[in-house]
Amino acid sequence: DVKVTQSSRYLVKRTGEKVFLECVQDMDHENMFWYRQDPGLGLRLIYFSYDVKMKEKGDIPEGYSVSREKKERFSLILESASTNQTSMYLCASSQFGAISGNTIYFGEGSWLTVV
Amino acid sequence: GEDVEQSLFLSVREGDSSVINCTYTDSSSTYLYWYKQEPGAGLQLLTYIFSNMDMKQDQRLTVLLNKKDKHLSLRIADTQTGDSAIYFCAEIRFSGGYNKLIFGAGTRLAVHP
């Protein structure tokens, strides 16, 4: 089975702190994604990566950056956390090629609270 | 509009049928999807339909697609308490040079005795 693992399930951080959310996938997938999930807004794409060291902005990249130094690992970075970044963050991965929803796999999510 | 739209809540009695509706925006979407999210978990693909189909049935699940109205629905027959979850519809949209999976806001299904 494909596994997408988000190492931190629950985090509480202070305003202004630097936050790292880590995601690892074990299926040698080329594409990796970070989404943010908020009630009433669904999932919104923050950043995605289609190869090592490559990244593309999604729909809401402001306040975030990403790092993809190894194929299996995609990190989301909040340089200076703010309270409006309190949310659930979902990582996903898929095989290379035209993205189709039946080949995308999600992690279990990281709940981040910024106080 | 630009959004994939769903109603936010649905409450049904155990054993009844549930119908979750969705309107999407991109008439060129080749696939449309339903995902399920159980409490505290990530998203799991529940089912999908190819755009040249009107209906797809998979055990208790029936997906109906009306391309003219850009309307997608998910029917769950004999709804059980284990079906309580958030259900997301999603479409593939080509934007900024890439295919992206665009989600609706999610419909929270509550099943009561």
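These values consider heavy atoms only, across backbone and side chains, with no hydrogens, waters or symmetry-generated copies. Residue numbering restarts at 1 for every chain, and letters A, B, ... go by the order of the sequence lines.
Cluster membership check: V63(B) shares its hydrophobic cluster with L65(B), using side-chain heavy-atom separations under 4.5 Å among Ile, Leu, Val, Met, Phe, Trp and Tyr. Follow the hydrophobic side-chain contacts under 4.5 Å out from Y47(A) and you reach L112(A) in the same cluster. Taken together through direct or relayed side-chain contacts under 4.5 Å among Ile, Leu, Val, Met, Phe, Trp and Tyr, I76(B) and L43(B) form part of one hydrophobic cluster. Both Y48(B) and M53(B) are assigned to one and the same hydrophobic cluster, defined by single-linkage of ILVMFWY side chains at heavy-atom distances under 4.5 Å. F20(A) and V114(A) are members of different hydrophobic clusters when ILVMFWY side chains are connected at heavy-atom separations under 4.5 Å.
The part of Q37(A) that comes within reach of chain B is its side chain, from C-beta onward, which places non-hydrogen atoms under 4.5 angstrom from that chain. Using a 4.5 Å cut-off between heavy atoms, Q44(B) makes no contact with chain A at all. Interface residue L43(A): backbone and side-chain heavy atoms are both found under 4.5 Å from chain B. Interface remark: D59(A) contributes side-chain atoms only to the contact with chain B (heavy atom separation under 4.5 Å).
Proximity to chain A at a heavy-atom threshold of 4.5 Å picks out L8(B) from residues 8-18 of chain B, in numerical order.
Of the possible donor and acceptor atoms, none in the side chain of R44(A) sits under 3.5 Å from a partner among the backbone N and O of F103(B).
Residues A105(B) and G40(A) come closest through the heavy atom pair CB-O, 3.3 Å.
Residue K57(A) places its NZ atom among 12 or fewer non-hydrogen atoms of other residues, nucleotides or ligands, all under 6.0 Å distant.
Annotation: side chain of I104(A) is in contact with side chain of Y35(B) (closest heavy-atom distance under 4.5 Å). Contact of the F106(A) side chain with the L45(B) side chain is not registered, since no non-hydrogen atoms from C-beta on lie closer than 4.5 Å.
Rounding to the nearest 0.5 Å gives a distance of 10.5 Å between CD of E108(A) and CD of Q37(B).
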